[in-house]
Amino acid sequence: MSFSHDGCTYHFLSLIEERMNILMMKSKVITVVLAASMVSGCGNESKESSGSKRTEATQHEEHQQHTLGDKREETKNSETLPSFLNDKPEDMQLIYAAAAKHQTLLENIPCYCGCGEEANHQNNYDCFIFENKGNGAVTWDDHGTKCGVCLEIAAQAVVDYSKGKSIEDIRQEIDDKYKEGYATPTPTPEV
């Protein structure tokens, strides 16, 4: 899936907002599905697994394995999504595309999945994009494909931003929502 910078920007943002609104309505279901099927140790540390509480050491070990296996792929630009998204749900592809278009926003939003400690991420943007090169090429990171917390934070931030909320207000809402029961946030500087 690729997108161009021509006159379709408004249509693209409308499509993202529509899909993200649907995604946010289903966020609890999607998060549970992602947690059960794709996420290993990423997210809410107070969740139970197989009927018993996981220990902090087990969670750390699972998340470390999860982040050590992150794949990276370079594409010619931010409109060309990486091939590791080809078999992923359309909603996930839309979040990745939106992340690429909202670098400044997501670089000011922390992630609460533990990737700051385990993958050296500095913010939520790092969960999706590893590097923006001077020639326009993008090195994508598949971390977000395996983490419901990363996806949910990015989706909420982009939707709120498209509705006119300030980066400061979005940051405060994310911090308030994830301050308890989640991993230590990335070391994202205050806005």
Side-chain angles (χ1 to χ4, degrees), residues 13 16-17 20-21 23-24 26-28 30-32 34-35 38-47 54 56 59-72 78 82 85 91-132 138-191:
L13 287 175
I16 287 176
E17 182 176 359
M20 298 258 188
N21 284 333
L23 178 63
M24 294 314 297
K26 301 183 214 173
S27 68
K28 289 184 182 182
I30 289 171
T31 301
V32 169
L34 286 171
M38 294 190 282
V39 179
S40 118
C42 193
N44 190 329
E45 293 182 4
S46 65
K47 290 180 182 171
R54 295 185 332 205
E56 188 174 316
Q59 292 170 0
H60 174 76
E61 194 174 296
E62 288 174 349
H63 194 267
Q64 188 173 33
Q65 285 184 330
H66 157 73
T67 57
L68 289 176
D70 288 351
K71 295 177 189 170
R72 296 193 176 126
S78 63
L85 289 174
D91 288 339
M92 187 179 290
Q93 293 177 22
L94 284 170
I95 293 170
Y96 263 81
K101 295 190 178 303
H102 291 86
Q103 180 177 359
T104 301
L105 167 65
L106 296 181
E107 284 182 337
N108 284 288
I109 304 296
C111 188
Y112 282 82
C113 80
C115 61
E117 295 173 346
E118 301 302 332
N120 201 30
H121 288 179
Q122 302 300 301
N123 49 61
N124 186 246
Y125 186 75
D126 291 349
C127 300
F128 305 95
I129 296 182
F130 177 72
E131 181 181 17
N132 293 289
V138 173
T139 304
W140 301 85
D141 193 311
D142 81 334
H143 180 86
T145 67
K146 301 174 282 187
C147 187
V149 173
C150 302
L151 292 166
E152 189 175 278
I153 289 171
Q156 186 63 58
V158 169
V159 168
D160 288 350
Y161 191 72
S162 73
K163 291 180 177 179
K165 286 189 180 178
S166 70
I167 292 175
E168 294 83 7
D169 288 345
I170 296 167
R171 167 72 182 263
Q172 187 62 54
E173 288 176 12
I174 297 292
D175 285 342
D176 290 346
K177 181 176 180 177
Y178 293 93
K179 69 182 171 188
E180 293 183 22
Y182 290 87
T184 302
T186 54
T188 310
E190 290 295 323
V191 181

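Counting begins at 1 with the first residue of the sequence. Please read all numbers here as calculations on a predicted model, not as lab measurements.
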*Out of curiosity, T188 OG1 to D175 CG, how far, rounded to the nearest 0.5 Å?*
8.5 Å

*Quick check: does any side chain N or O of N124 sit under 3.5 Å from a backbone N or O of I109, one acting as donor and the other as acceptor?*
no

*Report the residues that fulfil salt bridge (charged side-chain N to carboxylate O under 4.0 Å, His left out) with K165, sequence neighbours left out, ordered by chain and then residue number.*
D160, E173

*Can you list every salt bridge (Lys or Arg N to Asp or Glu O under 4.0 Å) pair that touches residues 182-191, not counting sequence neighbours?*
R171-E190

*Could you give me the CA-CA distance, side-chain angles and deciding distance for Y178 and Y112, then say whether ring pair (Phe, Tyr, Trp, His ring centres under 6.0 Å) is met?*
CA-CA 7 Å; Y178 293 93; Y112 282 82; 5.7 Å; yes

*Which atoms form the tightest heavy-atom contact between G144 and L151, and what is the distance?*
O-CG, 3.2 Å

*Provide the closest heavy-atom pair for K177 versus Y182 in the form atom of the first, atom of the second, distance.*
O-CE1, 4.3 Å

_Quick one: does any side-chain atom of T186 pair with a main-chain N or O of H121 as donor and acceptor, under 3.5 Å?_
no

*Parallel, tilted or perpendicular for Y96 and W140, by the 30°/60° rule?*
tilted

*asked:* Holding to side-chain hydrogen bond (donor to acceptor under 3.5 Å, both in side chains), I want the full list of residues that pass it with E107, two or more places apart in sequence or in another chain.
replied: Q103

*List for me each residue that meets side chain to side chain contact (heavy atoms under 4.5 Å, CB included) alongside A99, sequence neighbours excluded, and say none if there are none.*
L106, F128

*Among all residues two or more places apart in sequence or in another chain, which pass the side-chain hydrogen bond (donor to acceptor under 3.5 Å, both in side chains) test with Y125?*
N132

*asked:* Quick check for you: to the nearest 0.5 Å, what is the distance between N123 atom CG and D126 atom CG?
replied: 4.0 Å

*Write down the atom of P185, the atom of P110, and the distance for their closest heavy-atom approach.*
CB-CB, 4.1 Å

*State, to 0.1 Å, how close K146 and D142 come at their nearest heavy-atom pair, and which atoms those are.*
NZ-OD1, 3.5 Å

*Closest heavy-atom pair and its distance - V158, A98*: CG1-CB, 4.0 Å

_For H143 versus C127, what's the shortest heavy-atom pair and its separation?_
CB-O, 3.6 Å

_Any residue meeting salt bridge (charged side-chain N to carboxylate O under 4.0 Å, His left out) with D141, in chain and number order, not counting sequence neighbours_ = R72

*Looking only at atom types and distance, does a side-chain atom of T139 sit under 3.5 Å from a main-chain N or O of F130, one as donor and one as acceptor?*
no

*asked:* Please check: side-chain N/O of Q122 versus main-chain N/O of N120, any donor-acceptor pairing under 3.5 Å?
replied: yes

*Please round to the nearest 0.5 Å and tell me the distance separating atom CD1 of I95 and atom CG of L85.*
10.5 Å

